[in-house]
Structures are given as C-alpha cells and as structure tokens.
Amino acid sequence: MKSTDNLDRRTLIATVNWLIFSVVVIGTIAKYFALDGANPPRVGLVLAVILAANGIYLQRGGSANAAAVFILSSMYIGFIVAGYNTGAFKGPIVYLAPILPVLSVLLLNRKAGWIGLVAILLSLLMLSLLQYFGKTSALLLGDTGGLISKYAVLSCSCLVTTWVVWDFARQSNAFAEANLTNANTDFLTGIANRRKIADALEQEIERARRSDSWLSLILIDVDNFKHYNDSSGHQAGDRCLIMVSDVIASFAMRPIDVVGRFGGDEFILILPNANASATCEIADKIRREMQVRKSSLDQGLSDELSLTLGVVSMKGQAVETPERIIQLADKALYYGKDQGKNCVVNAVFEAQTGSTKFERQ
C-alpha cells in the first residue's frame with residue numbers, strides 16, 4: 001500500500017503533466033491559426049503526444065519518478081528545439097526558462113533543481129550563440145503575434161512559479177505545525193509532554209499571580225504499574241498508560257485545562273481557576289473512573305492497578321515557582337502512597353506560616 005506522501009506526489013506530478021499538456025495544446029493550436037496553417041508547430045504536437053502518453057502511464061500505475069523525469073526531459077528538449085525554431089531571444093519560448101529548474105525541484109529534488117539550473121543556463125548560452133551567428137529561424141508571428149505570444153508565455157511562467165512557491169510554503173507550514181505538535185506531544189499517549197507542561201504551568205502561574213486567582217494541580221501515579229508492566233509485557237503496559245491518559249483527559253473539560261504525561265507512569269492535570277474542593281472532587285472522579293475502566297485491560301494483574309493522586313491548590317500570590325507547586329503535589333502523592341495507595345491526598349498550604357499539611361480525601 002502506498003503511503004500518503006507517495007500518493008500526494010503522484011497527484012502533484014500528474015497535475016503538472018496535464019497542466020503543461022494543456023498549455024502546449026492551447027499554444028500549438030493558437031500558433032497554427034496565427035500562421036494560417038503554414039509552418040505547422042511540429043514541436044508542440046510531438047510534446048503534446050509525449051505528455052499525453054506520460055499521463056496515461058501515470059494513471060496505469062507507472063513510476064512517479066520516471067514520469068517526472070520524462071516531463072522534465074521533454075520540456076528541456078522542447079525548450080531548446082522550440083527556442084531554435086522561434087528566433088531564440090526574439091521569440092516567446094525563452095520566458096519559460098525560469099520555471100524549468102523550479103519544476104525540477106518540485107517534481108524531483110533539490111539536486112535535480114541545481115542540475116536543471118545548469119542545463120537551462122547552458123541552453124540559453126547555446127541559443128544566444130546561435131542567434132548571434134544568425135543560425136536560428138525567424139519568428140513568423142509578426143509584431144502583434146509575437147507580443148501576444150510573449151505575454152502568454154510570460155504569464156504562464158509567472159503562474160507556474162507562483163504556484164510552485166505557494167505549494168512549498170504550504171508544505172513548509174504544514175511541516176512546521178507537525179514539528180511543533182510533535183515537540184509538545186507525548187508520542188505514546190498523544191497528550192502534552194514534559195516540555196508543554198512546563199510552558200503551560202509557567203503561563204498559568206503568571207496568570208494566577210496577575211489576577212490573584214486559584215491555580216490547582218493534580219499529580220497522578222499508576223499504582224503497581226512496574227509489576228504489571230513486567231508481568232504482562234510492555235505492550236500491555238503501553239495500553240494501560242494510554243487508558244489512564246484517556247481517563248484523565250476526559251475530566252479536562254475546559255480549553256484551559258492541561259493534561260500531560262509527567263514521565264513514566266506519572267501524569268499531571270493543570271486546572272486554572274479551580275479551588276481545592278472542586279479539584280479534589282475531580283481527582284476522586286478520576287480515581288473511581290480508573291477502577292471502572294481497568295477491567296478493559298488484560299485480566300489478572302489489572303486488578304491491582306489503581307491511581308494515587310496528589311492535589312495542590314494555591315491562590316495567586318502564594319504560587320512562587322513551578323517547581324514549588326509541583327513539589328507540594330509530589331509530596332501529597334507520596335503521602336498517599338504511604339497511606340495505602342488508591343486515594344486522593346490534598347496538600348493544604350498555609351501561606352502565613354509556610355507550613356503544609358496533607359489530608360486524605
């Protein structure tokens with residue numbers, strides 16, 4: 001089965017092939033009538049037949065690379081022959097020169113583009129020498145016909161060049177967006193990774209301090225995960241982590257809530273504008289939902305899986321640094337581990353005394 005990239009590239013090559021075919025056919029017909037049937041445009045006819053055959057070859061599953069090479073080779077040869085037959089620099093064909101190396105990059109690769117650039121520069125040099133020594137054919141279209149032809153060819157060159165640049169810009173933007181998503185997303189679970197968590201927490205702390213609003217954080221650890229992972233296998237362990245991330249994400253109800261994988265089997269849920277009571281309630285719902293959903297995992301050892309959750313809620317100015325609020329949530333989490341796991345522990349921070357007490361919910 002072909003990849004999406006290969007399918008897109010085949011579509012691009014086929015589109016370019018039929019676009020050039022259409023331009024050649026229209027230009028050939030226009031030249032034929034402009035000359036009243038005299039001096040038939042043989043080069044255009046041959047090129048149209050070649051491109052039509054190439055399009056059929058692609059439709060029948062032919063090699064995309066071979067089709068691209070065929071298009072470019074035909075255009076380079078056609079450029080030289082047509083340039084020779086239409087007065088070289090006096091005719092319209094030379095205006096197509098810039099698009100040939102550009103199409104080489106688009107249809108093949110950067111190396112082909114450089115080769116194409118050298119080829120077109122040599123072609124232009126050859127045509128200029130032929131014209132200088134009077135070896136090129138005269139342009140038979142007349143002043144008006146020549147002007148119209150130059151306008152049409154130059155417009156076509158501008159259109160194709162703009163389209164190619166637009167396509168590159170589109171692909172570059174899509175690639176940049178994909179890179180940004182990958183840089184901020186945990187590969188296994190699809191939720192925020194450590195980098196994204198750090199950035200989000202920094203932003204929410206600044207916002208909470210400015211507005212003196214609540215900022216809550218839940219640190220979540222999968223109880224007995226190592227034993228389950230070692231006994232059931234890493235694939236089963238991965239399925240467990242994905243299920244846990246889905247459970248937590250189902251309670252990130254607002255766009256401003258951030259759920260992420262903190263590392264290993266630890267997860268985090270950032271809840272701006274949520275006080276301790278609301279956050280502890282959400283934490284307990286996550287814990288209970290895990291008890292329900294774990295039955296979908298491999299039977300046997302899944303019974304021992306559960307979640308321990310450390311909660312910390314702080315008001316605006318009390319939030320000092322990301323490290324501090326995470327440290328408090330981490331202490332609450334391990335207090336819960338010591339209390340038998342499968343529970344929610346709230347870290348109650350006393351701003352006036354700077355002390356913290358832990359309350360199991």
Side-chain angles (χ1 to χ4, degrees), residues 13 16-17 19-54 65-165:
I13 292 171
V16 171
N17 186 85
L19 175 64
I20 296 172
F21 170 80
S22 301
V23 171
V24 169
V25 169
I26 293 171
T28 299
I29 294 173
K31 183 179 179 183
Y32 178 80
F33 284 106
L35 296 176
D36 294 326
N39 192 20
R42 298 181 184 87
V43 176
L45 289 172
V46 172
L47 191 57
V49 171
I50 290 174
L51 291 171
N54 197 44
N65 276 337
V69 171
F70 211 61
I71 293 170
L72 294 169
S73 300
S74 301
M75 289 191 67
Y76 278 103
I77 295 172
F79 174 81
I80 295 171
V81 176
Y84 173 79
N85 289 331
T86 56
F89 285 83
K90 294 179 181 178
I93 299 301
V94 290
Y95 293 111
L96 291 176
I99 73 170
L100 295 178
V102 173
L103 284 176
S104 299
V105 177
L106 179 67
L107 299 183
L108 290 175
N109 50 49
R110 289 176 296 176
K111 182 179 178 181
W114 286 112
I115 294 173
L117 176 62
V118 172
I120 204 66
L121 291 177
L122 291 175
S123 300
L124 290 171
L125 176 62
M126 182 177 68
L127 288 174
S128 65
L129 290 173
L130 289 172
Q131 181 177 330
Y132 179 77
F133 289 108
K135 300 297 183 181
T136 56
S137 301
L139 182 64
L140 303 176
L141 294 175
D143 291 340
T144 302
L147 181 62
I148 294 172
S149 298
K150 289 178 181 180
Y151 169 79
V153 172
L154 189 56
S155 297
C156 178
S157 182
C158 291
L159 175 65
V160 173
T161 304
T162 302
W163 173 53
V164 170
V165 173

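Each residue takes its place number in the sequence, starting with 1. None of the values given here were measured: they were computed from a predicted structure.
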For [X], side chain to side chain contact (heavy atoms under 4.5 Å, CB included) partners two or more places apart:
X	answer
A66	Y57, S63
F21	W18, V25, A48, L51, A52
L108	R9, N65, A68, V69, L72, A112
V49	none

Separation between [atom1] of [X] and [atom2] of [Y], rounded to the nearest 0.5 Å:
X	Y	atom1	atom2	answer
L124	F89	CG	CZ	5.0 Å
I80	N85	CD1	CG	12.0 Å
N17	I71	CG	CD1	4.0 Å
M75	L47	CE	CG	7.5 Å

Step-by-step side chain to side chain contact (heavy atoms under 4.5 Å, CB included) determination, L125 to L121: CA-CA 6 Å; L125 176 62; L121 291 177; over 6 Å; no
Could you give the side-chain donor-acceptor pairs of residues 96-107 under 3.5 Å, partners two or more places apart or in another chain?
{"unit_1": "S104", "atom_1": "OG", "unit_2": "Y76", "atom_2": "OH", "d": "3.3"}
{"unit_1": "S104", "atom_1": "OG", "unit_2": "L100", "atom_2": "O", "d": "2.9"}

Residues I93 and A82: closest non-hydrogen pair is CG1-CB, 3.9 Å
For residues 113-133, which residue pairs pass the side chain to side chain donor-acceptor pair (under 3.5 Å) check, not counting sequence neighbours? none
Does any non-hydrogen side-chain atom of L127 lie less than 4.5 Å from one of F79? yes
